[in-house]
Amino acid sequence: MNAVYFEFGAPDGLRSRFLADAAEFGCWLRGLAEELAGEYPSAALDKVAEIAVRGAAALKTSDPGEARLIDRLMHDYWNFCTMTSRHGGEDITPAASLRFLPELSPSLPAASGELCSYYRRLFAGDSMAECSGHSYQSPDGIFRWSWLLPHEVVDFCDKLEIHASHFGHQDVLFELLTVLRLAKQEGSSLLVSVA
């Protein structure tokens with residue numbers, strides 16, 4: 001797996017931050033589109049402008065293509081946050097460069113289905129598009145941004161805590177538990193980006 005980054009998020013994960021930044025993000029994206037002719041379709045620029053005006057209502061769609069466009073904008077938004085130093089929450093990424101497996105069961109065979117589901121969700125990617133039957137699709141096959149809401153952080157942390165005696169201090173699961181503990185203590189959602 002690629003590099004994984006953790007940070008505290010808003011009570012609703014990433015949604016409110018994305019919506020609050022939509023106008024400025026749209027200006028940034030238009031500037032980038034002018035510099036890199038042909039890289040950004042006009043539909044993406046139109047969609048971010050619509051989100052800036054209509055807010056959350058612009059994330060609702062019945063069109064799978066539009067849902068994928070919103071996913072693409074999330075990727076571009078991550079670049080915007082990185083390039084403008086706008087990542088909103090405190091970075092709580094472990095100091096060590098750790099590689100997380102896409103599944104929990106090889107590392108923790110005794111994990112329950114619910115524990116495996118939480119773990120899988122962390123690295124699968126979430127979409128802000130509200131489209132029936134749609135799930136996040138990475139535009140480049142690598143980037144993903146996921147989040148657990150505060151109550152999910154608490155539940156996941158408590159369930160993983162049961163297995164803590166099996167983790168070594170250099171273990172990725174120990175580091176994940178440490179990150180979950182911090183988010184739980186903070187009462188925060190947990191944002192996870194894979195880049």
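Of all heavy-atom pairs spanning A33 and L45, the tightest one is CB-CD1, 3.9 Å. When all heavy atoms are compared, the tightest approach of D63 to G65 is OD1-N, 2.9 Å. Contact record, P41 with E39: CD-O, 3.8 Å, taken as the closest heavy-atom pair. Residues L149 and G13 come closest through the heavy atom pair CD2-N, 3.6 Å. A195 approaches Y5 most closely through the heavy-atom pair CB-CE1, 4.2 Å. Closest heavy-atom contact between G55 and L19: C-CD2, 3.7 Å.
When side chains are defined from C-beta on, E114 does not count as touching Y119, because their heavy atoms never get closer than 4.5 Å. Using a 4.5 Å heavy-atom cutoff, the side chains of F6 and E90 are not in contact. Using a 4.5 Å cut-off on side-chain heavy atoms (C-beta onward), W145 and V194 make no contact. The closest side-chain heavy-atom distance from V4 to V172 is not below 4.5 Å. Between T61 and L69, the closest side-chain pair of non-hydrogen atoms is not below 4.5 Å. Between L108 and L115, some side-chain heavy-atom pair lies under the 4.5 Å cut-off. Using a 4.5 Å heavy-atom threshold, the side chains of L148 and R121 count as touching.
Look at E24 and R30 and you find no salt bridge, because none of the NZ, NE, NH1 or NH2 atoms lies under 4.0 Å from a carboxylate O. Salt-bridge check for R181 with E186: failed, with every basic side-chain N at 4.0 Å or more from each acidic carboxylate O. With respect to D158 and K184, a salt bridge is recorded, a charged nitrogen being found less than 4.0 Å from a carboxylate O.
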task = List the steps, then state whether side-chain contact (heavy atoms from CB on, under 4.5 Å) holds for L177 with F167.
result = CA-CA 9 Å; L177 183 57; F167 308 154; 4.2 Å; yes
inquiry  = For a side-chain contact (heavy atoms from CB on, under 4.5 Å) check, start with the C-alpha distance between T82 and Y77, then their side-chain angles and the critical distance, and finish with the verdict.
reply    = CA-CA 9 Å; T82 300; Y77 180 67; over 6 Å; no
From CA spacing to verdict: side-chain contact (heavy atoms from CB on, under 4.5 Å), Y118, L160 = CA-CA 10 Å; Y118 273 129; L160 193 58; over 6 Å; no
inquiry  = side-chain contact (heavy atoms from CB on, under 4.5 Å), that's the test. Do D155 and E152 meet it? Break it down for me.
reply    = CA-CA 5 Å; D155 193 39; E152 295 170 321; 5.6 Å; no
request  = May I have the step-by-step check of side chain to side chain donor-acceptor pair (under 3.5 Å) for D46 and S42, ending in yes or no?
outcome  = CA-CA 6 Å; D46 293 344; S42 61; 4.6 Å; no
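In this structure, the side chain of R144 engages the main chain of F123 through a donor-acceptor pair within 3.5 Å. In this structure a side-chain-to-backbone donor-acceptor pair under 3.5 Å is present from T178 to F174. With hydrogens and angles ignored, the 3.5 Å screen pairs no side-chain donor or acceptor of S189 with any backbone N or O of P11. Side chain of S146 to main chain of L122: a donor-acceptor pair is present (N/O by atom type, distance under 3.5 Å, no hydrogens or angles). Judged by distance alone, with hydrogens and angles left aside, the side-chain atoms of D91 form no donor-acceptor pair with the main-chain N or O of E7 at under 3.5 Å.
Between the CG atom of D71 and the OG atom of S135 there is a distance of 8.5 Å, given to the nearest 0.5 Å. The CD atom of E34 sits 10.0 Å away from atom CG of L32, with the distance rounded to the nearest 0.5 Å. With rounding to the nearest 0.5 Å, the separation of OG in S193 from CE in M74 is 10.5 Å. Atom CZ of residue F8 and atom CG of residue L191 lie 10.5 Å apart, to the nearest 0.5 angstrom. Atom NE2 of H134 is separated from atom CD1 of I70 by 7.5 Å, given to the nearest 0.5 angstrom. For the atom pair CG (L14) and CG (D126), the distance works out to 9.0 Å, reported to the nearest 0.5 Å.
Tracing side-chain contacts under 4.5 Å through hydrophobic residues (I, L, V, M, F, W, Y), one never reaches L173 starting from V154; they form parts of separate clusters. Using a 4.5 Å cut-off between side-chain heavy atoms of Ile, Leu, Val, Met, Phe, Trp and Tyr, with links allowed through other members, M83 and I142 fall into different hydrophobic clusters.
By the 30° and 60° cut-offs, the orientation of the rings of W78 relative to F143 is tilted. The aromatic rings of F25 and F80 sit tilted, their planes meeting at an angle between 30° and 60°.
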